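Right, one structure below, let's go through it.
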Amino acid sequence: MKKLKINLDRPYLNSEKIESKQNFNEVLNGSEKLKKPIWKKPWFYGPIGVASILFLITIGVDKEISNSNINLNDKTITLNNQNTLPEDTKCIHKPLENLEYKFQTFSINTELKQIIKLSSGTEITIPQGSLNSNSSEKIEIKIREFETKIESFIAGIPMDYKENFSFESAGMIEIRGTRDGEEVVISPSKPLKISMVLSKNPRNFYFWKLDESKKEWSNYPSKFKKVEAHLVENSELPTYTKIEKQLNGTQNLLKENNRKIQELVEPNLISYNLPVKENQHFDLDFNTKEFPELERFKGMEFEVISDKVAYDKSFTKKTWSSVELIKENDNYFAVFSSKEDKFKIAVRPVLNGKGKDLAELEFSKSYEFYNKTKNELENELKSLTIKLNLQQLKYNEILKVIDQGYMNGVDNKINSSQISVKENFKVEFTISTFGVYNCDKQISYPRPIDNEIIFRYNNLNPVEIIRAFVFDEKNDTRYSFGAIKSHRISDLGCFDEHVNTLLVIDREGRLGYVLNFNSSKINNGILKINLLDKKDQKLEILAKLIQKTSIES
Amino acid sequence: MSINSLYHKTSVRLDEEQSCINLAKKDPAFFGPLYKEYHEQIFRYIYQRMDDEELAFDVTSQVFMKALNNIHKYEFRGVPFSSWLYRIAKSELYQAFRDKKAERMVNVDTINLINVAEELEEDFSEANKVLIYKCLSLLKEKDIQLIEMRFFEKRNFKEIGEILNMTENNAKVKTFRAIEKLKQQFANKQTRL
């Protein structure tokens, strides 16, 4: 019998090496080559093949016969296409004339190797002599990095892929180099190196370059890198531990605030020796030598302490032969006596006259202070509770990211306390032409809403919409309708279960919006749109509109 | 013995994977995430069974090309996508052996031999290590592949069943029988000594 060969303790091949051998393009090309031509497939010669060929021939004949019908359909298509932008529109086309997403500009000395570091952590290395220029000529590098959907929207970057996909971005950068306004050329032998910080784990993401002449995205070689844990810890970004500390701090502040509220004592009239209106008062003569402590209560009265013991209130109407003040265990009592009866009641001395006025002033000041402090503490309690909730949300989000990371086996070695949400990954690539580079995942477009939609502003004037954009928070993407090569306005749709914001542009260039947009917002075929004033058309306001939707939801 | 957790996936991940497969059926470009996800697993499966690293990478590429060409045939009927890939890998691997491009090899770590010794209820002495090593080489292919999957690759019986196209119970029984044969070989060798 043939013996099996056994290899003992062969050196372990690490994952990095295996990963470096990945070559998806080879698989794509190889699979094409593996495919058999249709006439070599066995079914081609069977009944199905014969039937299919006959079917195709029939369709061909039909097509010729019904040429007039096709013309009719063409007309319909032309009508629907009126909404879309002309074919010669530039690939990067700002949707709003008055809004611009600005570039950062850097002057470059081409005689030296230069490194541009952006605030996000992204680095662009320009090797010496990579941009051909005489030393006297100034070269400007213009860069804009896109972190949100709104930024790429304002800049007019198309985010569609093929016919039915939009892009979810983990990071995108546009880089241009100009000399006196003219684009400069990068020497192919000295390409620029870019290390771009990503906002998301690039698992299932690809890297793309925008082909501005074809107006489409194409795959671009790149290398994704995990940022080492200590780099993350050193970053300024909020980390798990920082958020945890903030959360604990807020919880302690909240406890302290609650304790202060509980300890806050409401000033009462009794402690200021002031009379309580509802109680009975009377004068009483007593010997000041016997009660020297009462000497300071000039022109004083006595008040019946009635809050604990029920007593016969008619005692003041009876005739008493004597009234005596006595003190038992630091409490005062008035003892009323007559031949037939005796009545003892607890009393306290209260101020009267000038002394009372002064005490009342003091009491009202103290009460005012009490009210102010109480309001302040209660307001602080409210804001701390909101802060705590927000921190808790952020904390949960980070925990989720960490869990997801572990679940996907991203890196079990990274200490969870050192993981930050934002700066976990980078993508490294080199460029020999300026343009837009993007780390993206393809997301399917939603199905069009079934019924035809009539758009109206709140004043009920119907409006002709020429472009529409659905910002989907869950998929973190933008679906465009009526833009270059994109879907028509009549294809407008959204995922109803997602949080969406709809932005529309009408024929007059006005911008409208619908928060929490979904098909239920369309009543009897009418969709009401809120108009956004031109002065309010700012990046921050548009970003808030989208954010507001997600917070409200 | 700990079981490799790579195989376990949450229903959310399975849904994501299924949508990725559906997209890949329409456009091969979407096969990329699946390729990235499973490349290492499939390579390790192949490389575990041969000694030529470069050839193992070639066979792995071949597996993914075949998978991409046949993805329209894949439908989720209880067998995860990974198992479907392993079946293709198994077929490509044995094709490579038949074409004499590669030779069947069993790669074992000392730590795996400890697991086997435990299963045989024997001490892991140097002498026993040599004996186990010899006994493993005498097993038939159908037995060694079960031991390989269970003890060297730490797969659970469900996955073994799915890759080898048998039920979980059947995989359990057959692995048990393979271990029994190994025990028998071990006992024979010991008596001869």
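Chain letters run A, B, ... following the sequence lines, proteins first and then strands; every chain starts at 1. Small disclaimer: the values here were computed from a predicted structure and weren't measured.
- For a residue to count as touching a neighbouring chain, one of its non-hydrogen atoms must lie under 4.5 Å from one of that chain's; by this rule B:A67 does not touch chain A.
- For B:Q48, the part lying under 4.5 angstrom from a heavy atom of chain A is the backbone only.
- If you measure heavy-atom distances from B:F57 to chain A, the contacts under 4.5 Å come from the side chain alone.
- For chain A, the nearby parts of B:Y133 are the backbone and the side chain; heavy atoms of each come within less than 4.5 Å.
- A:D472 and A:T477 share no side-chain donor-acceptor pair at under 3.5 Å.
- Using cut-offs of 30° and 60° for the angle between ring planes, the A:W208 and A:F167 rings count as tilted.
- The backbone N or O of A:L13 lies less than 3.5 Å from a partner atom in the side chain of B:R44, making a donor-acceptor pair.
- Aromatic ring orientation, A:Y445 versus A:F481: perpendicular (interplanar angle above 60°, classes split at 30° and 60°).
- Comment: A:D476 engages A:K149 in a salt bridge, judged by a side-chain N to carboxylate O separation of less than 4.0 angstrom.
- Of the residues considered (B:K66, B:E53, B:R104), B:E53 shows the highest number of contacts with chain A, using heavy-atom pairs under 4.5 Å.
- Looking at B:I144, the atoms closer than 4.5 Å to chain A (heavy atoms on both sides) all sit in the side chain, from C-beta outward.
- With a threshold of 4.5 angstrom between heavy atoms, B:N112 does not approach chain A through any atom at all.
- Although no hydrogens or angles enter the test, the distance criterion places a donor-acceptor pair under 3.5 Å between the side chain of B:D52 and the main chain of B:E54.
- Here A:R10 is the residue among A:E19, A:K21, A:E26, A:R10 with the most heavy-atom pairs under 4.5 Å with chain B.
- The aromatic rings of A:F429 and A:F207 sit tilted, their planes meeting at an angle between 30° and 60°.
- Looking at A:F205, only its backbone comes within 4.5 Å of chain B, counting heavy atoms on both sides.
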